[in-house]
> 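Input: one structure, supplied below.
This chain uses plain numbering: 1 for the first residue, then up along the sequence.
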Amino acid sequence: MCYTESLELELIHEKKGGAQMKTPVFAASRINWLKIGKIAVGAAAAMALAGAAGLQNAMSAGLIVFLTIQDTKKETVASCLRRLIAFVMMTALCTPIFYYLGTNPLTFGGFFLVFLLLCYGMDLLDSIAVNAVMATHYMAAGGVRLSLLKNEILLLLIGGGIGVFLNWFMPNNQEKIRRHQQELDQQMQGILERMAVYLLCSDRAGYDGTCFTKTDHLLAQMQRETVLFLGNRFTRQDLYFLRYAEMRQQQCDVLRMIYRQIIQLTLIPEQAHPLADFIRSVSQDFSEHNDPTALQEQLDLLHQQYRTDTLPVTRAEFENRALLFSILTDLRLFLKIKSDFFASEHLYT
């Protein structure tokens with residue numbers, strides 16, 4: 001069919017694109033230009049501000065900005081908090097160690113060993129670099145002094161504050177999520193339409209299941225964008241898109257089971273025709289906000305009709321009727337997944 005041929009062309013194009021991405025070529029499309037710009041501007045601003053304030057080691061403020069800016073607002077704030085905790089811990093270690101044992105490479109190695117163990121144990125790995133640099137400031141000054149302590153705190157506040165400020169302006173990717181969501185629904189609708197067709201076809205040579213590759217790709221994109229979306233929201237945790245992606249993922253798993261059963265059919269029993277009509281109805285009613293209650297009632301009627309049909313005579317008839325019944329059962333699960341999602345979303349609204 002033309003639909004299958006177009007899918008095959010898309011897959012070939014995706015495979016070629018994937019092979020090209022593996023080569024060590026400068027890929028401008030994969031660079032986060034906004035993040036790079038924020039780091040460059042923020043580092044320069046932090047160094048200038050720290051220098052204007054007369055702070056020692058003003059260049060360290062730029063390093064703090066670089067380590068502070070993350071992909072989302074929440075990650076940025078969390079990294080600042082972890083860095084402050086590690087700073088307190090580092091200063092608490094440096095004060096007695098440098099005072100009693102002196103400031104020499106061996107002493108610093110001992111401090112660094114303890115500090116690393118604590119950071120690893122407390123999951124503060126992203127705070128090691130900047131605090132290790134600040135520890136060398138203490139070491140170069142002959143130990144922890146009140147004036148130097150104030151200096152280091154101000155460096156943290158300037159670098160971290162500028163990093164948080166700049167990262168507070170993040171683009172809203174909700175429109176991109178919506179686009180992936182619509183493409184995913186269209187793809188799944190197409191899968192259902194093809195199932196209704198191939199259920200009644202004796203020749204399924206072109207029905208190879210490659211259509212699920214596109215759904216996997218769209219689901220991964222939607223989930224990735226949703227994680228970024230949630231990472232930039234503080235006032236309310238809008239988990240709708242995450243729950244929606246999980247619901248569609250479960251439905252895709254069911255569609256895969258139905259596909260495997262369709263390709264096992266060796267006959268086209270009479271009961272396949274109403275089942276194909278029902279799958280076509282599911283496809284036509286497939287949307288983000290549809291209530292599947294009516295379809296579930298229609299499926300119950302079809303189930304009752306199957307129960308009153310005459311029993312199969314040959315082994316082949318029995319096996320194929322059993323496959324149809326299994327498909328009907330999977331369709332019930334497919335609709336229940338959407339029904340549960342529909343009901344749960346009404347609880348949130």
> Quick one: salt bridge (charged side-chain N to carboxylate O under 4.0 Å, His left out) pairs with a partner in residues 112-132, sequence neighbours left out?
Arg82-Asp126

> For residues 329-341, run the donor-acceptor check on the side chains, cut-off 3.5 Å, and write out each pair with its distance to 0.1 Å, sequence neighbours left out.
unit_1, atom_1, unit_2, atom_2, d
Thr329, OG1, Phe325, O, 3.0
Asp330, OD2, Gln261, NE2, 3.1
Arg332, NH1, Asp300, OD1, 2.7
Arg332, NH2, His303, ND1, 3.1
Lys336, NZ, Asp340, OD2, 2.8
Lys338, NZ, Ser287, O, 2.9
Lys338, NZ, Glu288, O, 3.1
Lys338, NZ, Asn290, O, 3.3
Lys338, NZ, Asn290, OD1, 2.4

> Sort and list the pairs that fulfil salt bridge (charged side-chain N to carboxylate O under 4.0 Å, His left out) and have at least one residue in residues 49-62, not counting sequence neighbours.
none

> Any side-chain hydrogen bond (donor to acceptor under 3.5 Å, both in side chains) involving residues 141-164? Give me the pairs, sequence neighbours left out, ordered by first then second residue.
His137-Glu152

> Apart from Leu106 itself, what residues make up its hydrophobic cluster, given side-chain heavy atom links below 4.5 Å?
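Direct or chained contacts put Leu106 with none.
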
> Could I get the full list of side chain to side chain donor-acceptor pair (under 3.5 Å) partners for Thr107, not counting sequence neighbours?
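Thr107: side chain to side chain donor-acceptor pair (under 3.5 Å) contacts with Asn104.
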
> Under 4.5 Å between side-chain heavy atoms, chaining through other members, with only Ile, Leu, Val, Met, Phe, Trp and Tyr counted: pull out the rest of the cluster around Leu267, sorted by chain and number.
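The other cluster members (ILVMFWY side chains, heavy atoms under 4.5 Å, direct or chained): none.
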
> Partners of Leu200 by side-chain contact (heavy atoms from CB on, under 4.5 Å), sequence neighbours excluded?
Ile268, Ala272, His273, Ala276

> I'd like to check the side-chain contact (heavy atoms from CB on, under 4.5 Å) partners of Arg280; sequence neighbours left out, ordered by chain and number.
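Arg280: side-chain contact (heavy atoms from CB on, under 4.5 Å) contacts with Ala196, Asp277, Gln284.
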
> Going by ring pair (Phe, Tyr, Trp, His ring centres under 6.0 Å), name the residues that satisfy it together with Phe278, two or more places apart in sequence or in a different chain.
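Residues passing ring pair (Phe, Tyr, Trp, His ring centres under 6.0 Å) with Phe278: none at all.
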
> Suppose we screen for side-chain contact (heavy atoms from CB on, under 4.5 Å). Which residues come up paired with Phe112, at least two apart in sequence or across chains?
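Partners of Phe112 by the side-chain contact (heavy atoms from CB on, under 4.5 Å) criterion, ordered by chain and then number, come out as Phe108, Phe115, Leu116, Ile128, Ala132.
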
> What's in the same ILVMFWY side-chain cluster as Met47, cut-off under 4.5 Å, chained through other members?
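So far as hydrophobic clustering goes, Met47 is joined with Met59.
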
